[in-house]
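See structure below.
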Amino acid sequence: LEDAFKAATSGCTIEILSDVIVDYYWDARNTGAKFTVPVTINGNGNTIKFTNTVYDGGNYMSAFRFEADAVVNNLTIDMSEAVSGFAGRFRAISAKANLTVDGCTFIGNGYTNNTRAIIFGEGASATDLTISITNSTFNGWRRGISDNEAGKDVAATVTVTGNTLTDAGVAVSANTAVAFTGNTVSGAYVDIRSYTTGNSLNVTAT
């Protein structure tokens, strides 16, 4: 797995061909899971499960850290037994660029108070990201889907469609449009907003 991640070149596709248990200390910077080039990860219905500490030097505490455009399909990321390397905080995916997630499952541990399954715009200065999260399942996170919660719109458009979120909140912001349609949310809340002064956010929600 690490060899595949470290070998990633711009525009490549990584195929996950079997379930993987990561039972050792995981630092995205050293394992190749900090991607600085555009990449697609196809899970093919398989699971990556983390059972040890997830930490990356006090930065984003992410299992996967995308600093360029990324697509993740049909993958389960199981962090139900993961241990935080910093203040009960970890993320499955931290994205600083455009992100598309489809058909994935994110399993959290529920008991920590600062976990995020997907957080976008973390550390980003851009204000025009496109975020699409569809047909996915989230269970046991403080935030299932989250912006960077820094009081600034880092995304232009956010699409959250056809997902199931159980005990996993949604807190998303954008400066142009948010589509929140066909989702099922239980045991949590949905917060859609724009921080941009004087801007009208177009929200479609069902």
Side-chain angles (χ1 to χ4, degrees), residues 1-57 59-79 82 85 90-108 116-138 141 144-148 154-163 172 174:
L1 183 69
E2 290 189 25
D3 288 344
F5 290 167
K6 291 175 182 177
T9 57
S10 181
C12 77
T13 297
I14 297 172
E15 303 284 349
I16 308 299
L17 300 179
S18 65
D19 292 339
V20 178
I21 294 178
V22 178
D23 58 1
Y24 55 91
Y25 188 103
W26 183 263
D27 185 330
R29 299 168 303 168
N30 302 325
T31 60
K34 174 186 173 182
F35 293 93
T36 58
V37 296
V39 66
T40 294
I41 299 176
N42 289 330
N44 296 297
N46 294 300
T47 297
I48 300 177
K49 182 172 183 176
F50 297 87
T51 63
N52 205 315
T53 300
V54 175
Y55 184 64
D56 62 355
N59 242 320
Y60 305 115
M61 273 57 73
S62 302
F64 292 90
R65 184 168 161 189
F66 297 112
E67 299 192 353
D69 295 353
V71 177
V72 183
N73 296 311
N74 200 20
L75 176 66
T76 294
I77 300 176
D78 185 347
M79 302 186 74
F90 59 65
R91 292 88 162 90
I93 289 176
S94 173
K96 295 174 67 175
N98 300 322
L99 176 68
T100 298
V101 173
D102 183 67
C104 292
T105 297
F106 298 88
I107 304 171
R116 311 285 190 269
I118 297 175
I119 185 166
F120 61 85
E122 204 162 29
S125 59
T127 58
D128 59 353
L129 304 184
T130 298
I131 307 297
S132 177
I133 302 167
T134 57
N135 307 313
S136 295
T137 300
F138 301 80
W141 301 86
I145 304 168
S146 177
D147 60 20
N148 68 348
V154 295
T157 61
V158 176
T159 300
V160 179
T161 301
N163 303 286
V172 297

Would you say the side-chain atoms of [X] pair up with the backbone N or O of [Y], donor to acceptor, closer than 3.5 Å?
{"X": "Thr105", "Y": "Thr76", "value": "no"}
{"X": "Trp26", "Y": "Asn52", "value": "no"}
{"X": "Asn44", "Y": "Ile16", "value": "yes"}
{"X": "Thr161", "Y": "Thr159", "value": "no"}
{"X": "Trp141", "Y": "Phe106", "value": "yes"}

Spatial distance of atom [atom1] ([X]) from atom [atom2] ([Y]) [nearest 0.5 Å]:
{"X": "Lys96", "Y": "Glu67", "atom1": "NZ", "atom2": "CD", "answer": "4.0 Å"}
{"X": "Asp27", "Y": "Met61", "atom1": "CG", "atom2": "CE", "answer": "10.5 Å"}
{"X": "Asn74", "Y": "Glu15", "atom1": "CG", "atom2": "CD", "answer": "10.0 Å"}
{"X": "Asn30", "Y": "Glu2", "atom1": "CG", "atom2": "CD", "answer": "8.5 Å"}
{"X": "Asp19", "Y": "Asn46", "atom1": "CG", "atom2": "CG", "answer": "5.0 Å"}
{"X": "Ser94", "Y": "Ile118", "atom1": "OG", "atom2": "CD1", "answer": "11.0 Å"}

Crowding at CG, Leu1 (>12 non-hydrogen neighbours, <6.0 Å): yes
Under 30°, 30 to 60°, or over 60°: which ring-plane class applies to Tyr55 and Tyr25, parallel, tilted or perpendicular? perpendicular
Heavy-atom side-chain contact between Ile145 and Val172 under 4.5 Å: yes
Walk me through it: do Asn73 and Thr40 pass the test side-chain contact (heavy atoms from CB on, under 4.5 Å)? CA-CA 8 Å; Asn73 296 311; Thr40 294; 4.2 Å; yes
Option from Phe120, Phe5, Phe35 for which ring pair (Phe, Tyr, Trp, His ring centres under 6.0 Å) with Phe66 holds: Phe35
For [X] versus [Y], what's the shortest heavy-atom pair and its separation?
{"X": "Ala156", "Y": "Ala174", "value": "O-CB, 3.4 Å"}
{"X": "Ser62", "Y": "Ala28", "value": "O-CB, 3.5 Å"}
{"X": "Cys104", "Y": "Val72", "value": "SG-O, 3.6 Å"}
{"X": "Ala82", "Y": "Phe90", "value": "O-CE2, 3.9 Å"}
{"X": "Ala117", "Y": "Gly144", "value": "CB-O, 3.1 Å"}
{"X": "Ile77", "Y": "Ala92", "value": "CG2-CB, 4.0 Å"}

Could you walk me through whether Ile119 and Ile93 satisfy the side-chain contact (heavy atoms from CB on, under 4.5 Å) test, starting with their C-alpha distance in whole Å, then the side-chain angles of each, then the deciding distance to 0.1 Å, before giving a yes or no? CA-CA 6 Å; Ile119 185 166; Ile93 289 176; over 6 Å; no
Please assess Phe138 against Asn163 for the test side-chain contact (heavy atoms from CB on, under 4.5 Å), listing each intermediate value before the final yes or no. CA-CA 8 Å; Phe138 301 80; Asn163 303 286; 4.1 Å; yes
Between Glu122 and Arg65, is the closest basic N to carboxylate O distance under 4.0 Å? no
No-hydrogen, no-angle side-chain donor-acceptor test under 3.5 Å, Asp102 and Asn135: yes
Checking Thr100, Asn98, Val158 against Thr130 for side chain to side chain contact (heavy atoms under 4.5 Å, CB included), the one that qualifies is Asn98
side-chain contact (heavy atoms from CB on, under 4.5 Å) between Val20 and Thr47, intermediate numbers included: CA-CA 6 Å; Val20 178; Thr47 297; over 6 Å; no
